[in-house]
*Asks:* 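Quick one: the structure is below, questions incoming.
As the structure is a computational prediction, the values presented were derived from the model and not from experiment.
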Amino acid sequence: MKLVKAHSLPFDVTRYTGVLPELDELFELITIMGDKGKVKLLGEIEHSNRHFPLIGLTIGTEDKTAPTFGLFAGVHGLERIGSQVLLAYLRTFLNLLQWDKNTQDILQRTRFVLIPVINPVGMFLKRRSNGNGVDLMRNAPVKADKISPFSFYGGHRISSRLPWYQGVENSPMELEAEVLCNFVKEEVFSSQLAISVDVHSGYGTKDRFWFPYAKTRNPFKNISEALGLKTLLDKTYPNHIYKVEPQSNQYVTHGDLWDFLYDQHSSLENNRLFLPFCLEMGSWLWIKKNFRQAFSILGVFNPIATHRLQRTLRRHIHLFDFLLRAVQSPGSWAEIPSTEKLLLRKQALDLWYED
Ligand SMILES: [Zn+2]
């Protein structure tokens with residue numbers, strides 16, 4: 001593994017090498033990126049006498065109003081395939097950036113921002129929550145409606161020893177969650193049109209592409225744009241694998257970070273559009289094909305067989321490329337006449353919110 005030269009970064013990378021393979025890969029990619037992007041040390045967590053960095057990257061134009069594509073992963077420490085999928089795409093993207101004029105061109109007018117490993121301590125400990133036992137995806141100050149008090153997976157405040165623990169009521173968000181939110185506010189909120197994807201794995205047998213809300217079955221404000229984007233994806237890639245839907249069509253949760261950020265962005269009441277998605281890669285399919293995996297805690301959330309891992313790492317490149325194009329070309333899905341938008345809204349209500 002090639003080490004990043006410490007002087008080319010705003011922090012000493014040797015402090016963090018050898019802790020997680022995903023971080024080591026990120027450091028290698030940072031050398032490929034060179035001066036084509038910026039690296040930010042957003043925070044550091046100490047755990048088990050080790051230091052874990054929270055690192056953000058920004059690539060492309062410095063104009064923060066420009067179209068922006070955000071990619072995030074590793075919120076849940078067990079789902080390391082999410083970070084690996086992100087890093088695989090970043091590797092392709094950075095190599096294209098070395099020689100492909102189109103990619104170089106795109107970045108003159110677009111921003112690509114990322115946090116590849118949001119919960120490095122959880123990943124190190126091989127558990128879903130962070131080092132304090134808090135599920136970061138239940139940790140935002142967002143209360144779900146119509147959720148059963150017995151729905152533990154929706155978030156609870158009973159004990160950090162149980163999964164899906166939200167943290168102590170009315171306390172500040174965990175550092176990882178706060179860093180993520182601040183980064184998104186700083187790097188995404190000023191964009192006229194931004195799409196973000198937070199990559200997860202674990203639920204079901206399908207790859208699901210979820211938009212808000214997680215907290216309620218009520219429609220979010222931008223269902224027309226969500227359907228516009230889905231329609232464009234269906235037309236452009238008719239054989240794609242994604243089930244596009246509001247997350248609450250599957251289950252409702254408290255404390256979803258993207259619900260929180262979406263509502264914060266909406267409260268600014270400008271004409272900017274921010275669509276945060278979660279890609280939930282269906283890992284039950286991997287288990288079905290390799291039942292031995294069910295007996296390994298990592299295996300439940302990550303493809304184990306080499307060919308299946310490779311397939312997963314290349315599986316989502318089209319989707320990310322599509323979204324990078326979509327933020328630059330809103331004319332056919334987001335910036336459309338209001339009559340068309342109304343029609344899309346009605347169709348979206350029929351499609352996703354029937355009951
Ligand atoms: Zn997850």
Side-chain angles (χ1 to χ4, degrees), residues 9-11 22-23 25-27 29-43 53-75 82-97 103-120 136 176-200 211 229 257-258 260-262 264-265 268 270 272-279 316-317 319-330 334:
L9 288 172
F11 56 92
E22 286 78 5
L23 286 176
E25 186 176 358
L26 173 60
F27 297 142
L29 294 179
I30 287 171
T31 55
I32 298 175
M33 181 172 79
D35 59 5
K36 293 188 166 68
K38 286 193 175 142
V39 187
K40 297 181 181 182
L41 182 62
L42 306 167
L54 302 174
I55 295 171
L57 306 184
T58 59
I59 310 171
T61 173
E62 307 232 319
D63 175 8
K64 290 190 176 176
T65 65
T68 300
F69 176 51
L71 207 44
F72 302 90
V75 166
S83 290
Q84 293 164 6
V85 162
L86 180 153
L87 292 166
Y89 180 70
L90 181 60
R91 182 178 292 278
T92 299
F93 187 87
L94 291 174
N95 278 287
L96 282 171
L97 192 53
T103 306
Q104 292 161 357
D105 223 45
I106 283 167
L107 287 179
Q108 300 289 319
R109 49 184 194 279
T110 313
R111 286 161 58 74
F112 180 25
V113 304
L114 322 84
I115 302 182
V117 184
I118 293 168
N119 178 12
L136 299 172
E176 298 91 333
E178 193 192 308
V179 158
L180 170 68
C181 291
N182 288 342
F183 181 81
V184 171
K185 284 178 197 172
E186 178 72 29
E187 305 295 344
V188 177
F189 272 24
S190 303
S191 167
Q192 283 303 319
L193 201 167
I195 294 177
S196 67
V197 182
D198 179 14
V199 190
H200 289 253
F211 54 83
L229 191 67
L257 290 163
W258 299 103
F260 175 66
L261 283 164
Y262 175 79
Q264 291 256 303
H265 183 271
L268 301 173
N270 47 40
R272 296 174 190 151
L273 177 64
F274 168 47
L275 286 183
F277 287 89
C278 282
L279 169 58
H316 306 287
I317 290 178
L319 175 70
F320 300 150
D321 272 344
F322 166 79
L323 296 170
L324 195 58
R325 287 164 196 257
V327 290
Q328 296 167 69
S329 306

*Asks:* What are the two closest heavy atoms between Leu42 and Ile55, and how far apart are they?
*Replies:*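 Looking at all heavy atoms of both residues, the closest pair is CD1-C, 4.0 Å.
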*Asks:* Which value, rounded to the nearest 0.5 Å, describes the distance between Leu180 atom CG and Leu257 atom CG?
*Replies:*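 If I round to the nearest 0.5 Å, the distance is 6.0 Å.
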*Asks:* For His316 and Val85, work out which heavy atoms get closest and say how close.
*Replies:*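 Where His316 meets Val85 most closely, the heavy atoms are CD2-CG1, 4.1 Å.
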*Asks:* How long is the gap from CD1 on Ile106 to CZ on Arg325, to the nearest 0.5 Å?
*Replies:*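 So the CD1 of Ile106 and the CZ of Arg325 are separated by 6.5 Å.
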*Asks:* Within this structure, what is the CG-CZ distance for the pair Leu26 and Arg91, rounded to the nearest 0.5 Å?
*Replies:*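 Spacing of CG (Leu26) from CZ (Arg91) equals 10.5 Å.
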*Asks:* Check for a donor-acceptor pair, side chain of Ser191 on one end and backbone N or O of Ala66 on the other, with a separation under 3.5 Å.
*Replies:*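 Here the side-chain-to-backbone pair exists.
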*Asks:* Start with the C-alpha gap between Lys40 and Glu186, add the side-chain angles, then the distance that decides, and say whether salt bridge (charged side-chain N to carboxylate O under 4.0 Å, His left out) holds.
*Replies:* CA-CA 12 Å; Lys40 297 181 181 182; Glu186 178 72 29; 5.7 Å; no
*Asks:* So, do Phe189 and Leu261 sit near enough that their side-chain heavy atoms are less than 4.5 Å apart?
*Replies:*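 Heavy-atom side-chain distance check passes, below 4.5 Å.
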*Asks:* Between CG of Asp321 and CG of Leu96, what distance do you get to the nearest 0.5 Å?
*Replies:*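 CG of Leu96 is found 7.5 Å from CG of Asp321.
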*Asks:* Looking only at heavy atoms, what is the nearest atom pair of Gln104 and Leu97, with distance?
*Replies:*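 Result for this residue pair: NE2-O, 3.0 Å.
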*Asks:* Would you check if Ile59 and Leu114 make a side-chain contact, meaning some heavy-atom pair closer than 4.5 Å?
*Replies:*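 Sidechains of Leu114 and Ile59: in contact.
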*Asks:* Verify side-chain contact (heavy atoms from CB on, under 4.5 Å) between Phe27 and Val39, making sure each step is shown before the conclusion.
*Replies:* CA-CA 10 Å; Phe27 297 142; Val39 187; over 6 Å; no
*Asks:* Hey, are the side chains of Phe211 and Ile195 touching, using non-hydrogen atoms and a 4.5 Å cut-off?
*Replies:*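 No, side chains not in contact.
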*Asks:* Determine, step by step, whether Leu323 and Leu229 satisfy the side-chain contact (heavy atoms from CB on, under 4.5 Å) criterion, reporting the C-alpha distance in whole Å, the side-chain angles of both residues, the deciding distance to 0.1 Å, and the verdict.
*Replies:* CA-CA 9 Å; Leu323 296 170; Leu229 191 67; 4.0 Å; yes
*Asks:* Any chance you could measure Thr68, atom OG1, to Phe274, atom CZ, to the nearest 0.5 Å?
*Replies:*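 Thr68 atom OG1 to Phe274 atom CZ measures 10.0 Å (nearest 0.5 Å).
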*Asks:* Who pairs with Phe277 by ring pair (Phe, Tyr, Trp, His ring centres under 6.0 Å), at least two apart in sequence or on another chain?
*Replies:*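 Phe209.
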*Asks:* Do Phe183 and Leu54 make a side-chain contact, defined as non-hydrogen atoms from C-beta onward lying under 4.5 Å apart?
*Replies:*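 With C-beta onward as the side chain, the pair stays apart.
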*Asks:* Using 0.5 Å steps for rounding, measure from the CG atom of Leu275 to the OH atom of Tyr262.
*Replies:*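 These two atoms lie 7.5 Å from each other.
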*Asks:* Can you tell if the side chain of Arg111 reaches within under 4.5 Å of the side chain of Thr61, non-hydrogen atoms only?
*Replies:*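 Arg111 reaches Thr61 side chain to side chain.
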*Asks:* With sequence neighbours excluded, what pairs up with Leu324 under the side-chain contact (heavy atoms from CB on, under 4.5 Å) test?
*Replies:*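 For Leu324 the side-chain contact (heavy atoms from CB on, under 4.5 Å) partners, ignoring immediate neighbours, are Phe69, Tyr89, Phe93, Thr110, Gln328.
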*Asks:* Check whether any side-chain heavy atom of Leu57 sits under 4.5 Å from a side-chain heavy atom of Leu90, and report yes or no.
*Replies:*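 They are in contact (side-chain heavy atoms under 4.5 Å apart), so the answer is yes.
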*Asks:* Could you tell me which non-hydrogen atom of Ser83 sits nearest to which non-hydrogen atom of Pro116, and how far apart they are?
*Replies:*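 Taking every non-hydrogen atom into account, OG-O, 2.7 Å.
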*Asks:* Quick one: do Val197 and Leu71 satisfy side-chain contact (heavy atoms from CB on, under 4.5 Å)? Show the steps, please.
*Replies:* CA-CA 5 Å; Val197 182; Leu71 207 44; 3.7 Å; yes
*Asks:* Could you pull out all residues at least two apart from Ala88 that satisfy side-chain contact (heavy atoms from CB on, under 4.5 Å)?
*Replies:*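 Testing Ala88 for side-chain contact (heavy atoms from CB on, under 4.5 Å), a comparison that skips the adjacent residues, returns Leu313.
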*Asks:* Could you report the tightest heavy-atom contact between Val113 and Glu187, atom names first, then the distance?
*Replies:*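 Result for this residue pair: CG1-CB, 4.2 Å.
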*Asks:* Ignoring hydrogens, what is the shortest heavy-atom contact between Trp258 and Asp198? Give both atom names and the distance.
*Replies:*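 It is NE1-OD2, 2.7 Å.
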